[in-house]
Amino acid sequence: MKQFTSVHDVSNPEALVREALALKQQPRGSLHHIGQHHTIALLFFNPSLRTRLSTQRAAIELGMSVMDYNAGQGWQLEFEDSAVMNIDKAEHIKEAAAVISQYADIIGIRTFPGLQDRERDYSDYVLRQFQQYARVPVVSLESAIRHPLQSLADWVTIEEHRPAYRPKVVLSWAPHPRALPQAVANSFLEWMQRADVELVLTHPKGYELAEEFTQGVTVSYDQNEALEGANFIYAKNWSSYQDYGRILNQDAGWMITPEKMARANNGKFMHCLPVRRNVVVADAVLDSPNSLAIEQANNRTYAAMAVLKSILEGKD
Ligand code: CP
């Protein structure tokens, strides 16, 4: 694998899921030879708990050295070509990416969207600029429009709890007090369309996602109907794509409750975390044995290990 920014960078996503599951079975400390003498630089323009720590853990398990940098608090970067840098930006992406490439063998980047300018966000501007100017492979730690490491871990978790038949997987919008990116939802749809599942997307009117991610996906505006017989219920909030970055409603009727879960078929609850309790999901669901949220977070390590190993070995 040359880079990891979306499912399109992976020739066989199912094989990558199998690799993550296999890595999970390996004794701790047995894989250090894979990444020995290699370094990963993790650049965070935005906050993170899971991605930051699980990717470090993955790199350490593979014997790599890790450099972790709060890019959001570092020199402000200029991304525009031919900019006259006489205001606030201290360093251009061209130098920054080239310099970091001399220190690290892989660069990971977390960069959220501004949620103001849809065209700019959906060009995945910051991530693409790093890809253009870095001289080593780039891994997305969640970009403006995708969160592929999360989606890979989600697929791994679904495989571990998969029934003997083709499962029904429902991605449901849920309320939230703040305007959130569409990245997790976009990515989940993109990856699940490569999995052998029945995929259903449900959200209130106005929360339609970009067509490039929903093409071929069954969409329902009726959450109760969508949840009927579901094996996996993935809750996530996102702000409007159409009315870009806006909160159109905070309808508490879309929160995942035990009553909603009762419509499913012994449904497993999923969320990428962090989650707002009793806003997105009721305590009784999140604390139930059917909640996979903590397992999903655990699988972030094995997803990251599979990706880093594939890049280090130069395999697809
Ligand atoms: N799910 C996830 O990416 O969590 P963090 O934002 O804490 O990394």
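In listed order, ligands and their atoms are each counted from 1. All residue numbers refer to positions in the sequence shown, counting from 1.
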Evaluating non-hydrogen atoms only, which member of Ala183, Ala297, Ser48 is closest to atom 8 (O) of ligand 1?
->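 Comparing heavy atoms across Ala183, Ala297, Ser48, the nearest one to atom 8 (O) of ligand 1 lies in Ser48.
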
Between His147, Gln150, Glu142, flag the one that comes closest to atom 3 (O) of ligand 1 by a heavy atom.
->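 Result: the heavy atom closest to atom 3 (O) of ligand 1 is in His147.
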
Give the minimum heavy-atom separation between Ser101 and Ile107, together with the two atoms involved.
->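 Of all heavy-atom pairs spanning Ser101 and Ile107, the closest is OG-CD1, 3.8 Å.
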
What residue and atom, counting heavy atoms only, is the protein's closest point to atom 7 (O) of ligand 1, and at what distance?
->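 Going atom by atom, the protein heavy atom closest to atom 7 (O) of ligand 1 ends up being Leu49 N, 2.7 Å.
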
Please state which protein non-hydrogen atom is closest to atom 4 (O) of ligand 1 and give its distance, to 0.1 Å?
->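 In this structure, atom 4 (O) of ligand 1 has Arg50 NE, 2.9 Å as its nearest protein heavy atom.
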
Does the N or O separation between Arg52 and ligand 1 drop below 3.5 Å for any pair?
->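 Among all N and O atoms of Arg52, none is under 3.5 Å from an N or O of ligand 1.
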
Could you tell me whether some N/O pair between Leu273 and ligand 1 is separated by less than 3.5 angstrom?
->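 Yes, since at least one N or O of Leu273 sits under 3.5 Å from an N or O of ligand 1.
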
Please report the interatomic distance [atom1]([X]) to [atom2]([Y]), rounded to the nearest 0.5 Å.
| X | Y | atom1 | atom2 | value |
| --- | --- | --- | --- | --- |
| Arg277 | Asp283 | CZ | CG | 5.0 Å |
| Arg263 | Lys260 | CZ | NZ | 7.0 Å |
| Thr55 | Met64 | OG1 | CE | 11.0 Å |
| Ser140 | Arg110 | OG | CZ | 8.5 Å |

Using a strict cut-off of 4.0 Å, indicate which atoms of ligand 1 neighbour a heavy atom of [X].
| X | result |
| --- | --- |
| Arg300 | 1 (N), 2 (C), 3 (O) |
| Cys272 | 1 (N) |
| Arg110 | 3 (O), 5 (P), 6 (O), 8 (O) |

Specify side chain, backbone, both or neither for Leu141, according to which of its non-hydrogen atoms lie closer than 4.0 Å to ligand 1.
->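 No part of Leu141 comes within reach of ligand 1.
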
With distance as the sole criterion, is a donor-acceptor pair present between the side chains of Tyr125 and Glu119 under 3.5 Å?
->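 Result is no, nothing qualifies.
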
When you check the side-chain N and O atoms of Asn70 and Arg52, is any donor under 3.5 Å from an acceptor?
->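 Yes.
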
